[in-house]
Every structure is written in structure tokens, then in C-alpha cells.
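One structure is given here, and the rest of the page talks about it.
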Amino acid sequence: MGLIQASRGTRDILPDEVVYWQQVETAARQILGRAAYREIRTPIFEQTSLFERGIGEATDIVGKEMYTFVDRGERSLTLRPEGTAGAVRAFIEHKLHTQGGVQRLWYTGAMFRYERPQAGRQRQFHQLGVEVLGSADPRADAEVIAIATDLLQTLGLKDCTLSLNSVGNPSDRQHYREALVAYFQPYQTQLDSDSQERLYRNPLRILDSKDPRTQEICQTAPSILDYLGPESQSHFQRVQQYLTDLGIAYQLNPCLVRGLDYYTHTAFEFQTENLGAQATVCGGGRYDGLVQELGGPETPAVGWAIGLERLILLLQQQAQVFSTQLDFYVVARGEVAEAQALCLAQKLRQQGFAIELDLSGSAFGKQLKRADRSGAPACLIIGDAEAEAKTVQLKWLKSGQQQVISQADLLTQTEALRQQLITVS
RNA sequence: GCGAGCGUAGCCAAGUGGUUAAGGCAGAGGAUUGUGAUUCCUCCAUUCGUGGGUUCGAUCCCCAUCGUUCGCCCCA
């Protein structure tokens, strides 16, 4: 019918759903604030080369998923596909390292990847992420994981498991990569076609193939954990020890590899079985080389990102209801009464009450029905008689009890009103 | 980028190559001109995502397109 719809892979978040988003944002602000993380807001688009260098030319994100365009000044720009590159660029550009010590940052916002939409996967989606810049201490790894755990738990997320791995430093990984290629080569023809292609380009990826025969072959493949040098091993051991000290359960998964080139040492994911193929709710790890790669000083770093659409899908599945709580629903009929209702509603709002004013002008019966459905514990009724006497009928919807009170008293006895609202609910 | 399924009102849906496209929820009005439940009555898709084709005739069959869902790839 020619109506313009939201573009493919984008969607509107309507008021009923926004309450979930606010719930997440409020919890995040509180938890991150307590841990001395500070919010950073970076641009939605960046120079294309930032992502090419930061994420890695060989990755799918850079290879086929970026929203890249040329602007009127002939610059190649890209809508950010993830948040880390921009945050690190800002860190370097504004020389935040000169502020000394460790920088703890967090961000939230829209990200863009050109992919086939699926449940829990869109072209415009939202992440909430943290980055700790300037610490190589394994306690930093443990801290970010603990904060993610805390946030997910606070939101009441169930059935979410933490997978943990180490991908070592670049030299460990190089040795491991060679060993893997050597192991897989004899099986080359038995691997699924995707994995055959990955054999030389990105052999680590073969490990998380979903093809049954490939998985079988992977069972006896060499483990990255046997290729970690002493330093990497010690780092990984300490991360695990700290998690145990924190009482955080995790599962070692030597097949866990991250998609982006910049990861080193710790890699982790929070996964669920309730999202179909999109199992990862939160993914992160350490990226000691990225800051330098982007032209900054040598700066170890660790962080994670939560996919908010996925998180909120899970919260909705758990049927948690967060409704905006109304205190009074105001109903009026008649010209004078309607004017009084308008003013009374506004004055009560100024006193801190949450008020919905019925604007329909329809019969009291209809207005009362709406009052009932609004979820407000009580309603205020003003008709001709009340308008004349400058009073209001205060009706408690649960009990049906009703009392007459003067409009002036209503505004001065706010403490008593508040008490009544509390006892009723 | 590849493979498969789906698209009938705000929501959930039945339906058939043949004049008027079930039903339910929600919504509006009324019975009740000042009080929430229940009940009852009335209204609520000139049209079946969009465009084209086949046909005397298409919501139904065919093609294309858009959207969506599931899987692969990949990722949050």
C-alpha cells in the first residue's frame, strides 16, 4: 500500500518495551558507577580505516558487514559495527592515558552490521560495553567479568553460563595455529566446506564449526591451552583463581575463539540456550595490542559488550513486568469540573504524584473503566456537584471505598495521601 | 552471501478458483444522560504485504518484489 516501513533489520522500540530498556540502563548505570566506570560517548560513524585497522581486514565484520559510505567531502566513513574501536580512538586522540592510572570506561548505543536479520540479530542493534585501559593485571579481567555477572544477575537473568578461554599472546597463537593446521591437514577432505576454506585463512575458527563430522575431528585436536607460554599460562591461572575467589562459576572452553583480531589472553562469553542460534549475550576479552595498533602508547586493555536486544529478549521471556506506577487517575465531567481537574492534576504532579488525566469527556462509567485499567490505586472524581463545592471524590479502586475531600485539603494532606497509597499497594 | 518457511484488521486467527472474507481479544457508542464486574445491542478489512501474470473470474494458482521467521556463515 505504499506505506513507508522501518528499514530491513531495524525496528521501533515501543513504549511497552522501553520499560525493559530503562530497567537495563538504570541497573547498568548503578553497577558501573559503583565500580568507578565512567561513561564515554563517541560518534556513530568513524573513518572506515579505523575499523579496518582495529577489527582486522580478514574478519567478516570488515569484509562484508560494514555500512560504509562516501560523504560529500569524498571521505570514506563507516557506521560503527562495534564500540571498542571508537572508544580506543578517543582514548588515544584525547591522550586519556596522561590522566594517569587505569581508565575505566563504559558506553552504550546503536551499532550497525549489514547481515541477514534473525531473532536476536539486526542490522541496527545496541550494545552496552566496558573497556578497562592501562592494566595488564589479571584482576582487571576478573573485575570486568564480575561486573558483567553482577549486572546480568541483578536483572534476574537465568540460565546463563560463562565460558572461559585464553588465546594467549600473538606468539603462542602462531605456534598453536601451525599445530592446528598440521593436525587438520590429513582430515582436509573430511572437513565441511566452510572449514576447508578456513584451514589456511583462520584455522582457529574450525574449532567452533557446527558440522558434526568436523566437531568429531576437533575432539582430538590440539588444545590452545597446551600452547600457552609460561607468562600466558600464569595470567590465565590467576584469572581463574580470582574468579573462584569471587565465587563466579565458569566453564573452560578451549574451543572458544573470538571473531575479532585484536583479542589476546582471556576470552569469555556469557551464553544462553534460549535464543536459538544467537547464544552469546555478552562477549569480551583482553586486547593488549589494540591501542598500539591504532597509534597509541603500549596499553594493555580488557573489556566486554552486551547485546542489548538479546538481553531484553531474554528478560521478556522471563515475563518480568515493570510497569510505570500511577498514583491517581483523574476523572471529570462538565466544563467547570474539567478545568478544575486539569489544575488539580498539575498541582498534584508538582507535589510528586504520578497522575493521569482523562481527556475523553465521556460518561463517568467509561472514565471509571479506564481508571480501573490504568493500574492506578485510586481515582479522583470531579462532577458538577464537586466543582460547585470545590471538592473531589477520592475513590480507592480496590476496595471501592469513596470519600469526599476538599480540593484544598487534598493538596495540603499529601503525607497522609502518600501513606494511604503505600498501604493500599 | 546461501537454503527453507511464512505474510488475512491494533493483536490472535478461520477460510475458499465463483455473488456479502468466519470467530475471538482490544477499541468506539448505547441499554445505565454521576461510578469500575457481568450481561445485552450496534459499529469496527469495498479487501487478504506490494506489483505483475494465468483465468470469464484470484485472498487462493504462477512470477517478481518487500518484510519477517528458522537454519548456515558470522557475531552481541
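Below, chains carry the letters A, B, ... as their sequence lines are ordered, and counting in each starts from 1. Nothing here was measured: the structure is a model prediction, and the numbers come from that model.
- When only modelled atom types and interatomic distance are considered, A:Gln367 and A:Arg333 share no side-chain donor-acceptor pair under 3.5 Å.
- Closest to the A:Asp372 side chain, of the nucleotides B:G36, B:C66, B:C70, is B:G36.
- For the pair A:Gln401 CD and B:U35 P, the computed distance is 19 Å after rounding to whole Å.
- Heavy atoms of A:Glu197 sit nowhere under 4.0 angstrom from any nucleic acid atom.
- Counting non-hydrogen atoms under 4.0 angstrom, A:Gln118 reaches a base of the nucleic acid.
- A salt bridge links A:Arg286 to A:Asp288: at least one charged side-chain nitrogen sits closer than 4.0 Å to a carboxylate oxygen.
- No more than 12 heavy atoms of other residues, nucleotides or ligands lie within 6.0 Å of CZ in A:Arg139, so this atom counts as exposed by the packing criterion.
- Across all strands shown, A:Glu115 has heavy atoms under 4.0 Å from base atoms, whether or not it also approaches the sugar-phosphate.
- Here A:Gln122 lies in heavy-atom contact (under 4.0 Å) with a base.
- Remark: C1' of B:C73 and CG of A:Leu207 are 16 Å apart, rounded to the nearest angstrom.
- Comparing the same atom, C1', in B:A37 and in B:C44 gives a spacing of 24 Å after rounding to whole Å.
- Checking B:C72, B:C75, B:G67 against every side-chain atom of A:Gln5, the shortest atom distance belongs to B:G67.
- In this structure, of B:C74, B:A4, B:U35, it is B:A4 that holds the atom nearest to the side chain of A:Arg116.
- Figure legend: A:Arg373 and A:Tyr329 shown without cation-pi pairing, the cationic atom not lying both under 6.0 angstrom from the six-membered ring centre and within 45 degrees of its axis.
- Among the atoms of the strands shown, none is found under 4.0 Å from any heavy atom of A:Gly284.
- Nucleotide B:C2 is matched to B:G71 when pairs are restricted to Watson-Crick or G-U wobble geometry with both distances under 3.5 angstrom.
- Applying the 6.0 Å contact sphere to CD of A:Glu335 captures no more than 12 heavy atoms from other residues, nucleotides or ligands.
- Remark: the A:Arg173 side chain and the A:Thr264 side chain contain no N/O donor-acceptor pair separated by less than 3.5 Å.
- No side-chain N or O of A:Ser209 forms a donor-acceptor pair with one of A:Asp194 less than 3.5 Å apart.
- Rounded to an integer number of Å, the gap from CG of A:Asp358 to P of B:G36 is 14 Å.
- Contact annotation for A:Ala6: no contact, since no heavy-atom pair falls under 4.0 Å across all strands.
- When distances are taken from the side chain of A:Lys395 to each of B:U35, B:C73, B:U69, the shortest belongs to B:U35.
- Rounding to whole angstrom units, NZ of residue A:Lys366 and C1' of B:G30 are separated by 7 Å.
- The side chain of A:Arg113 sits closest to B:A76 out of B:C74, B:A76, B:G1.
- Across the C1' atoms, B:U47 and B:C60 are found 14 Å apart, a figure rounded to whole Å.
- Distances shorter than 4.0 Å separate some side-chain N or O of A:Lys210 from OP1 or OP2 on B:C72.
- Counting any heavy atom pair closer than 4.0 Å across all strands shown, A:Arg121 reaches a base atom.
- Heavy-atom distances to RNA chain B give each of A:Ser362 and A:Ile382 a nearest nucleotide, and the one nearer the 5′ end belongs to A:Ser362.
- Closest to the side chain of A:Arg373, out of B:A26, B:C72, B:C2, is B:A26.
- Evaluated for a side chain to side chain contact (heavy atoms under 4.5 Å, CB included) with A:Pro117, the options A:Arg11, A:Gln122, A:Arg8 yield exactly one hit, A:Arg8.
- Spacing of P atoms, B:G23 relative to B:A14, comes out at 15 Å, to the nearest Å.
- To the nearest angstrom, C1' of B:C74 lies 16 Å from CG of A:Asp211.
- The separation of B:U16 from B:C11, taken at their C1' atoms, amounts to 24 Å, rounded to a whole angstrom.
- Between A:Arg104 and A:Glu39, none of the side-chain N atoms (NZ, or NE/NH1/NH2) sits under 4.0 Å from a carboxylate O, so this pair counts as no salt bridge.
- Applying the Watson-Crick and G-U wobble criteria (two distances, each under 3.5 Å), B:A22 pairs with nothing in any strand.
- Closest to the A:Arg333 side chain, of the nucleotides B:U33, B:G36, B:C70, is B:U33.
- The side chain of A:Asp384 sits closest to B:G34 out of B:G34, B:A76, B:A26.
- At a threshold of 4.5 Å between non-hydrogen side-chain atoms, the residues A:Ile217 and A:Gln190 count as touching.
- Checking B:C75, B:G29, B:U35 against every side-chain atom of A:Gln393, the shortest atom distance belongs to B:U35.
- Computed from coordinates, the A:Leu397 CG to B:G36 P distance equals 11 Å when rounded to whole Å.
- Nearest nucleotide to the A:Pro117 side chain, out of B:A76, B:U69, B:A28: B:U69.
- Across every strand in view, B:A64 sits in a pair with B:U50 that passes the Watson-Crick or G-U test at under 3.5 angstrom.
- Contacts of A:Leu311 with the nucleic acid, taken as non-hydrogen atoms under 4.0 Å apart, are absent.
- When heavy atoms are screened at a 4.0 angstrom cut-off, A:Gly283 is found touching the sugar-phosphate backbone but no base atom.
- Distance check on atom P: B:C6 versus B:C74 gives 28 Å, rounded to whole Å.
- OP1 or OP2 of B:C75 lies within a sub-4.0 Å distance of a side-chain N or O belonging to A:Arg205.
- Atom P of nucleotide B:A26 and atom CG of A:Asp16 are separated by 16 Å, given to the nearest angstrom.
- The nearest whole Å value for the distance from the CZ atom in A:Arg198 to the C1' atom in B:C73 is 8 Å.
- With both pairing distances under 3.5 Å, B:G27 is matched to B:C43 as a Watson-Crick or G-U wobble pair.
- Counting non-hydrogen atoms under 4.0 angstrom, A:Glu65 reaches the backbone sugars and phosphates but no base.
- When the nearest nucleotides of RNA chain B are assigned to A:Gly9 and A:Glu269 by heavy-atom distance, the more 5′-ward of the two goes with A:Gly9.
- Rounded to a whole angstrom, the distance from the C1' atom of B:C43 to that of B:A64 is 39 Å.
- Residue-level contact check: A:Ala305 touches the backbone only, with heavy atoms under 4.0 Å from sugar-phosphate atoms and none from bases.
- Spacing of C1' atoms, B:U46 relative to B:A21, comes out at 11 Å, to the nearest Å.
- When the P atom is used for both B:G10 and B:G18, the distance is 26 Å, rounded to whole Å.
- A:Gly120 comes within contact range of at least one nucleobase, with a heavy-atom separation under 4.0 Å.
- The residue A:Arg11 sits apart from the nucleic acid: no heavy atom pair falls under 4.0 Å.
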